[in-house]
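What follows is a single structure, written as structure tokens, with notes after it.
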Amino acid sequence: MNNLDPMHFNAVAANYGSARPHYPAALWRDAAATGLVEPGRRALDLGAGSGEATGELLARGMDVVAVEPGESLAAILQQRFPAATVVRSRAEDIRPDTAAFDLAIAATSIHWMDLDVVLPLVHKALTAEARLLVWRNVFGDPDAEVTPFRHEIQRIVNRRGTTREGNPEDLEHTAAKIARTQLFTVEQMHRYRWSIELTADQIHALFATFSDWSESEVRQAASIAETLGGTVTEHYSSWLINARPSPNE
């Protein structure tokens, strides 16, 4: 298994936003159903990257504080979305005001964080009626038919011989980690299934953003797409956790 590098994304900052697929519209509908994604409310975006979630929150009229540790990503984020307040910091190092936010989100980022440090900070930052929303896109839908492309990609992964400890892509695993702190109660969990057409060039750009893929493996993935006709259909899944902060004692 390749070493996981939390700052890998900063090295591919220029292409990160365009290479990663957007979050599904159904996920945003469920986020909006909380009644907290609306004009005048404040959101804390943890691990904001180049602004994939920040931009949507701003478009919906929210005041957004975007926390991103990568220097290049933070610069791109500020350039793309000057209305956001960008804080270049790890989530573990922020010191937010008490009860200052109506919403905290972690979009494909929470698995990089030390939740024993971050969740108490987030809990302090949220109002009593606020919510913590955690979501991610998962490359590959485990319930979909295995495509020839997915089969070949799995062969690359299998050749590594080792696997991650735990599974940051697993909904229940992440929800249990959040609930274990007793600072938040998981109220809802949503799953989404969708598909996307990707060219060989898009495969190369996408896989280059994966922190656990080597340059050689990225080239292999793109070559597989070329062999399969230059365009492949890849099934994705996504999930969303809606957690309510526990009352202060």
Side-chain angles (χ1 to χ4, degrees), residues 1-24 45-56 66-81 86 88 90 106-113 135-142 144 146-164 167-170 194-238:
M1 183 71 171
N2 299 332
N3 293 326
L4 295 175
D5 178 10
M7 296 306 291
H8 169 82
F9 312 108
N10 194 59
V12 295
N15 298 321
Y16 183 87
S18 60
R20 290 280 178 122
H22 298 301
Y23 297 112
D45 185 358
L46 300 170
S50 54
E52 287 62 50
T54 292
E56 183 69 24
V67 180
E68 169 52 48
E71 182 178 1
S72 297
L73 281 169
I76 290 172
L77 178 60
Q78 188 68 86
Q79 183 179 27
R80 290 180 67 194
F81 304 109
V86 177
R88 190 165 75 83
R90 299 189 314 147
T108 318
S109 62
I110 200 169
H111 55 291
W112 294 112
M113 302 173 193
W135 70 75
R136 70 170 296 139
N137 285 341
V138 179
F139 176 73
D141 180 351
V146 178
T147 63
F149 177 69
R150 163 57 61 175
H151 177 75
E152 294 301 320
I153 291 300
Q154 190 60 48
R155 291 181 62 178
I156 295 175
V157 174
N158 291 343
R159 285 198 290 270
R160 296 171 179 167
T162 56
T163 57
R164 301 188 195 191
N167 183 3
E169 296 186 342
D170 183 72
W194 49 285
S195 299
I196 188 172
E197 297 288 324
L198 297 169
T199 66
D201 286 344
Q202 288 172 321
I203 289 292
H204 189 282
L206 173 61
F207 277 60
T209 70
F210 294 166
S211 60
D212 55 349
W213 278 70
S214 69
E215 292 183 12
S216 174
E217 290 172 334
V218 170
R219 290 194 297 269
Q220 291 177 54
S223 178
I224 291 168
E226 289 281 11
T227 301
L228 294 172
T231 302
V232 296
T233 299
E234 186 49 41
H235 301 296
Y236 264 79
S237 57
S238 304

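Computed from a prediction, not measured in an experiment: that's the story for all the values here.
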Salt bridge E52-R80, side-chain N to carboxylate O under 4.0 Å
yes
Shortest non-hydrogen contact from W135 toward A107
NE1-CB, 3.3 Å
Atom pair CD/CG of Q78 and L73 - distance to nearest 0.5 Å
13.0 Å
Calculate, to the nearest 0.5 Å, the distance between atoms CD and CD1 belonging to Q220 and I153 respectively.
8.5 Å
Taking all non-hydrogen atoms of both residues into account, name the closest pair between H204 and A222 and its distance.
CB-CB, 3.9 Å
Grab the two heavy atoms, one from A19 and one from L206, that are nearest each other, plus how far apart they are.
O-CD1, 3.5 Å
Do I156 and I224 have side chains that get closer than 4.5 Å, going by heavy atoms?
yes
Compare all side-chain heavy atoms of V157 with those of W213 and state whether any distance is below 4.5 angstrom.
yes
Any side-chain heavy-atom pair of D212 and R160 under 4.5 Å:
yes
Are V232 and E197 side-chain neighbours, meaning at least one heavy-atom pair lies under 4.5 Å?
no
Separation of Q202 CD from S18 OG (nearest 0.5 Å):
9.5 Å
Can you tell me how far OG1 of T231 sits from CD of E226, rounded to the nearest 0.5 angstrom?
8.5 Å
Could you pull out all residues at least two apart from T108 that satisfy side-chain hydrogen bond (donor to acceptor under 3.5 Å, both in side chains)?
Y23
Note: P24 and N137 closest approach over all heavy atoms is CD-OD1, 3.6 Å
Taking every non-hydrogen atom, the tightest pair across A106 and M113:
CB-CE, 4.4 Å
Do the non-hydrogen side-chain atoms of S195 and D141 ever get within less than 4.5 Å of each other?
no
Over all atoms of both residues, closest heavy-atom pair of S50 and L77
C-CD1, 3.8 Å
Min side-chain heavy-atom separation T209-R20 under 4.5 Å
yes
Kindly write out the residues that satisfy ring pair (Phe, Tyr, Trp, His ring centres under 6.0 Å) with F139, not counting sequence neighbours, or none if the list is empty.
F207, F210, Y236
Apply side-chain hydrogen bond (donor to acceptor under 3.5 Å, both in side chains) to the pair W194 and S238, showing each step before the final yes or no.
CA-CA 8 Å; W194 49 285; S238 304; 2.9 Å; yes
Does atom CD of Q154 have more than 12 heavy-atom neighbours from other groups under 6.0 Å away?
yes
Using modelled atom types and a 3.5 Å cut-off, is there a donor and acceptor pairing between side-chain atoms of T227 and backbone atoms of S223?
yes
Take L228 and T147, measure what side-chain contact (heavy atoms from CB on, under 4.5 Å) needs, and give me the verdict at the end.
CA-CA 11 Å; L228 294 172; T147 63; over 6 Å; no
Side chain of E68, backbone of G49: donor and acceptor closer than 3.5 Å?
yes
